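Along the sequence shown, residues are numbered consecutively beginning with 1. This structure is a prediction, so every number in the text was calculated from the model and none was measured.
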Amino acid sequence: QLVLHIAGESRRRWLADLEPYGLSPHLARALGVVARHADDPPRLADLAERLRITPRSATEVVDGLARPI
């Protein structure tokens with residue numbers, strides 16, 4: 001129960017940290033992948049693989065990152 005409580009509190013804090021930037025957790029993860037490979041940005045298929053999502057979902061994530069805040 002304590003582990004679940006700590007996990008929930010950690011998630012709430014993470015969401016609060018992301019909120020001013022208009023980022024959801026999945027957008028933050030994608031941005032992290034892109035930032036770590038800034039010298040050689042990953043192709044959409046590579047991003048999907050690294051995030052363990054379908055290429056179609058990766059397209060939606062990239063579209064989400066491209067939206068103005």
Side-chain angles (χ1 to χ4, degrees):
Q1 220 174 16
L2 181 59
V3 171
L4 291 176
H5 174 73
I6 292 169
E9 184 61 29
S10 176
R11 181 168 173 79
R12 279 188 289 281
R13 288 182 185 191
W14 188 35
L15 290 172
D17 288 345
L18 295 174
E19 196 270 330
Y21 304 103
L23 292 174
S24 63
H26 71 275
L27 290 179
R29 284 184 57 228
L31 189 57
V33 169
V34 172
R36 282 190 297 277
H37 299 90
D39 293 339
D40 186 23
R43 293 185 355 242
L44 200 54
D46 297 330
L47 180 64
E49 183 178 325
R50 289 185 180 123
L51 295 174
R52 296 185 178 128
I53 59 176
T54 65
R56 172 148 172 71
S57 295
T59 300
E60 293 171 5
V61 169
V62 169
D63 288 346
L65 288 173
R67 268 181 280 166
I69 318 177

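Residues L51 and A30 approach most closely at CD1-CB, 3.8 Å, considering heavy atoms. Contact detail for L27 and G22: the closest heavy-atom pair is CD1-O, 4.4 Å.
In this structure, CD in E60 is found 8.5 Å from CD1 in I53, a value given to the nearest 0.5 Å. If you take CG on L47 and CZ on R43, they are separated by 11.5 Å, rounding to the nearest 0.5 Å. Here NE2 of H26 is found 8.0 Å from CG of L65. Values are rounded to the nearest 0.5 Å. L15 CG to L23 CG: the interatomic distance, rounded to the nearest 0.5 Å, is 11.0 Å.
P55 is not listed as a side-chain neighbour of E49, based on a closest heavy-atom distance of 4.5 Å or more. Under the 4.5 Å side-chain criterion, counting only non-hydrogen atoms from C-beta, L18 is not in contact with S24. Residues R50 and R29 fail the side-chain proximity criterion, which asks for heavy atoms closer than 4.5 Å.
Around the CZ atom of R12, the shell of radius 6.0 Å holds more than 12 heavy atoms that belong to other residues, nucleotides or ligands.
By the rule that hydrophobic residues join a cluster once side-chain heavy atoms approach within less than 4.5 Å of another member, V61 and Y21 end up as members of one cluster.
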